[in-house]
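Here is the structure we will look at, set down as structure tokens.
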Amino acid sequence: MRFSNLIVIGGLLASLSACERPESAQDRRAREERADQTAHKAGEEAYRAAQKTKELTREAVEKLRKAGHEVREGWEDAKHNDPDPDPPHRKR
């Protein structure tokens, strides 16, 4: 009988040690606060990334606009400097 009681008590102790202890309200608040701080930092970084993307996009648009003007000027120069503006069409 003693042996079976020891087995039962040992099993109960093993099962109790395997269970997680309930989290205290203070532990839960501290964990939530750390999560909130992490989320806040992530939001700040996302904002900075969006602003940098916006700035780089503006610069790219300006460069494309300038390149478009250069292409147009080159086209017009070539059109005005072409010695034969209307080349004869080939007959088939």
Side-chain angles (χ1 to χ4, degrees):
M1 179 115 164
R2 274 186 172 182
F3 187 69
S4 62
N5 286 341
L6 288 176
I7 291 177
V8 170
I9 291 173
L12 287 173
L13 288 175
S15 64
L16 287 175
S17 65
C19 293
E20 294 182 21
R21 65 178 177 85
E23 190 176 33
S24 71
Q26 186 178 11
D27 291 344
R28 188 178 26 233
R29 272 189 247 118
R31 186 172 40 91
E32 288 173 358
E33 188 174 315
R34 284 192 304 271
D36 289 347
Q37 289 172 350
T38 303
H40 186 83
K41 287 179 184 177
E44 287 177 343
E45 290 300 319
Y47 175 79
R48 286 188 194 108
Q51 292 303 311
K52 186 66 175 177
T53 301
K54 191 175 178 182
E55 178 183 326
L56 292 173
T57 302
R58 274 194 205 126
E59 290 174 7
V61 166
E62 183 63 25
K63 286 179 182 179
L64 284 172
R65 189 184 64 73
K66 287 180 182 179
H69 284 290
E70 290 295 323
V71 168
R72 180 73 178 163
E73 287 176 10
W75 182 277
E76 292 298 322
D77 287 346
K79 187 166 69 171
H80 292 296
N81 294 333
D82 190 5
D84 190 10
D86 193 21
H89 299 290
R90 286 186 352 185
K91 294 184 180 180
R92 293 185 181 194

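Predicted model, so just to flag it, every value in this text is computed and none were measured.
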Would you mind writing out the side-chain donor-acceptor pairs for residues 42-53 within the sub-3.5 Å range, not counting sequence neighbours?
residue : atom : partner : partner atom : Å
E44     : OE2  : H40     : NE2          : 3.1
E45     : OE2  : R48     : NH1          : 2.8
T53     : OG1  : A49     : O            : 2.8

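Heavy-atom contacts from other residues, nucleotides or ligands closer than 6.0 Å to CD of Q26 number 12 or fewer.
By the salt bridge (charged side-chain N to carboxylate O under 4.0 Å, His left out) test, R58 is found to be paired with no residue, residues two or more places apart in sequence or in another chain being considered. In this view, E73 and E70 satisfy the side chain to side chain contact (heavy atoms under 4.5 Å, CB included) rule, not counting sequence neighbours. For R72, the side-chain hydrogen bond (donor to acceptor under 3.5 Å, both in side chains) partners two or more places apart in sequence, or in a different chain, are E76. Taking R28 as the reference, nothing meets the salt bridge (charged side-chain N to carboxylate O under 4.0 Å, His left out) condition, with sequence neighbours excluded.
Rounded to the nearest 0.5 angstrom, R34 CZ and E32 CD are separated by 10.5 Å.
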